[in-house]
Amino acid sequence: MSRVSLQWEEGFYKVQAVSGDIPARFRTAAVAALLAAGILLSGCAGAPSREPAPRRSPPASRPSAGPASTQQGITPRPDAFVASPFEATGPRFIRVLLPGGTSGVVLEGETIRAWGVDGRLVAEAAGRVTLSAVAERIRWNGSRLLGDTLDAAGAPDLRVGNRKGTGRVRLLARKGELLIVAVEPLEAYVAAVVSREAAPSFHPEALAAMAVAARTYAVGAAAKPRDPAYDVVATVEDQVFDGMDGVTAVFREAADRTRGVVVRYRGELARTVYHSTCGGRTEDAESAWGKDVPYLRAQRCDDCADSPVYRWQYRMFEAEGRRVAKVLGVPPGKDLRIDVTGRTPSGRASRVRISSGGVSRELQAAQFRNAAGYAKVRSLKMEIVPVAGEWRITGEGWGHGVGLCQFGANGMARRGAGLREILARYYPGTEINGEAP
């Protein structure tokens, strides 16, 4: 669950949590090689809270003023930009902020059209278009200056940078930065998320459970968006979304099979966070994020032992230790020490002390992990041992450890558990709402 505004989550199939997406589609035989390269599962969803950010609202989308001109293979301005999945029924879309606010972006499609907030067609092109932010306005193909908000669509689809979408995006210029919001059908989004959060070799029941968790998380996030312009972000701050390329049949089937199904607790949408591997025991939400959630309490999990990251080790060299200490506010000297000083009931580190030259700082272990890198320090279920000026960090699992353990879900499914049993285990006291098998 995240460049993470709260910086509590770790990437899934990513080398770094903030950027550098690495596709998650791999076969079981390739796991060892991926681990050696440092690019294996570290999946999660959900930051500790979703407080709305103090941003100004974008202009509201309105229906087109009169009939829009049409072109073969492309519809008039899509009205989906006003849609948001607050309920788990009916045709729904979700607005996904693509990562990395930038000054410019390239759109590609056979035909590309753009509408202003008044619904009028303002620009069109074929093949390729470059858009950039100039203060609070958007420049089209290096020449025309348009308004601060554009709705763009492509035929037969639209590629945004290196991501293939379903054809629709909203672009907003904010202080010289271009925000890119993909507008995706909810179920297509769910399939795409699961494709980045699980291997295609996972059992269908595990994939179905993950689809329900991903959908519930998305619908809940959209009900209380942190920004008026989008519902979720496309990174582990919420859930990893990397476009529609390579979303194979097994992932689409998981979404289709559970269409409309969500998890509720006492009638309210549950906060269905998840992670790659718990290492034998999940974590309490209160221990991880300081807030008790009745259905997010530590559970024993003996089904993730076949995860390739059930055990891991990271050798932190002296230079890297000095860098981390400096980032965390301790001037590093030759006597630099890094120690775990507190643990949660599940055995995960809760506090870390960094000291050098008479300066000592004790901080949350999650801050240390963030500074060191989520793909290196894969979880807080860890030990730190100094070895000749370096540090050997050994641990179990990957992720924050709260909620559904993905490899645990797969292990449960392989021994015969269905999606209901899987969800009940990791979100105890909740109920499934909707038609589930």
Side-chain angles (χ1 to χ4, degrees), residues 1-5 45-47 50-63 75 77-102 105 107 113-117 119 131 133 138 147-154 157-161 163-174 177-194 196 214-244 247 255 260 262 269:
M1 336 80 219
S2 138
R3 65 193 199 353
V4 181
S5 61
R50 289 183 55 85
E51 294 299 326
R55 299 178 186 247
R56 67 177 180 84
S57 300
S61 297
R62 296 189 293 275
T75 61
R77 175 183 181 274
D79 293 325
F81 295 103
V82 298
S84 186
F86 294 102
E87 298 298 330
T89 58
R92 291 132 46 72
F93 291 82
I94 187 144
R95 304 170 301 162
V96 188
L97 177 67
L98 300 183
T102 177
V105 67
L107 304 182
R113 308 183 81 191
W115 296 262
V117 293
L131 295 98
I138 298 173
D148 65 353
T149 303
L150 291 180
D151 292 338
D157 53 38
L158 189 70
R159 184 170 289 277
V160 183
R163 291 178 175 83
K164 178 182 178 182
T166 57
R168 304 175 179 183
V169 293
R170 165 159 281 193
L171 303 109
L172 305 99
R174 288 180 173 175
E177 181 178 83
L178 198 61
L179 299 188
I180 308 161
V181 180
V183 181
E184 304 290 345
L186 177 63
E187 298 303 332
Y189 166 80
V190 169
V193 167
V194 177
R196 299 312 192 272
R215 180 183 301 105
T216 305
Y217 184 91
V219 175
K224 297 179 181 179
R226 67 167 64 88
D227 191 294
Y230 53 87
D231 301 316
V232 294
V233 299
T235 64
V236 288
E237 185 176 349
D238 284 315
Q239 301 182 121
V240 175
F241 172 79
D242 194 30
M244 304 307 298
V247 180
V262 293
L269 287 165

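Keep in mind that this is a model prediction, so the values were computed, not measured.
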State, to 0.1 Å, how close Pro185 and Phe93 come at their nearest heavy-atom pair, and which atoms those are.
-> N-CD2, 3.7 Å

Val233 backbone acceptor or donor facing Asp238 side chain under 3.5 Å = yes

Looking only at heavy atoms, what is the nearest atom pair of Ala234 and Pro99, with distance?
-> CB-CD, 3.8 Å

side-chain contact (heavy atoms from CB on, under 4.5 Å) between Arg215 and Leu186, worked out = CA-CA 8 Å; Arg215 180 183 301 105; Leu186 177 63; 4.2 Å; yes

Nearest-0.5 Å distance that lies between atom CD1 in Ile180 and atom CG in Leu107 = 7.5 Å

Val190 and Ile94, any side-chain heavy atoms less than 4.5 Å apart | no

Validation row: Arg159, Asp157 side chains within 4.5 angstrom (heavy atoms) = no

For the pair Val183 and Asp151, evaluate side-chain contact (heavy atoms from CB on, under 4.5 Å) and give the outcome as yes or no after the intermediate values.
-> CA-CA 10 Å; Val183 181; Asp151 292 338; over 6 Å; no

Donor-acceptor contact present, side-chain Arg196 to main-chain Gln239, <3.5 Å = no

Minimal non-hydrogen separation, Pro225 against Tyr230, with atom names = CB-O, 3.3 Å

Side chains of Glu184 and Val193: closer than 4.5 Å at any heavy-atom pair?
-> no

What one should report as the nearest heavy-atom pair of Leu171 and Val105 is CD2-CG1, 3.8 Å

Which distance, rounded to the nearest 0.5 Å, do you find between the OG1 of Thr149 and the CZ of Arg170?
-> 5.5 Å

Apply side-chain contact (heavy atoms from CB on, under 4.5 Å) to Arg226 and Leu97, showing your working.
-> CA-CA 11 Å; Arg226 67 167 64 88; Leu97 177 67; over 6 Å; no

Taking every heavy atom of Ala133 against every heavy atom of Leu178, the minimum-distance pair comes out as CB-N, 3.9 Å

Given side chains that start at C-beta, do those of Leu98 and Phe241 come closer than 4.5 Å, heavy atoms only?
-> yes

Are the side chain of Asp231 and the backbone N or O of Arg95 linked by a donor-acceptor pair below 3.5 Å?
-> yes

Check Arg174 against Ala229 and note the closest heavy-atom contact, atom names and distance.
-> NH2-CB, 3.8 Å

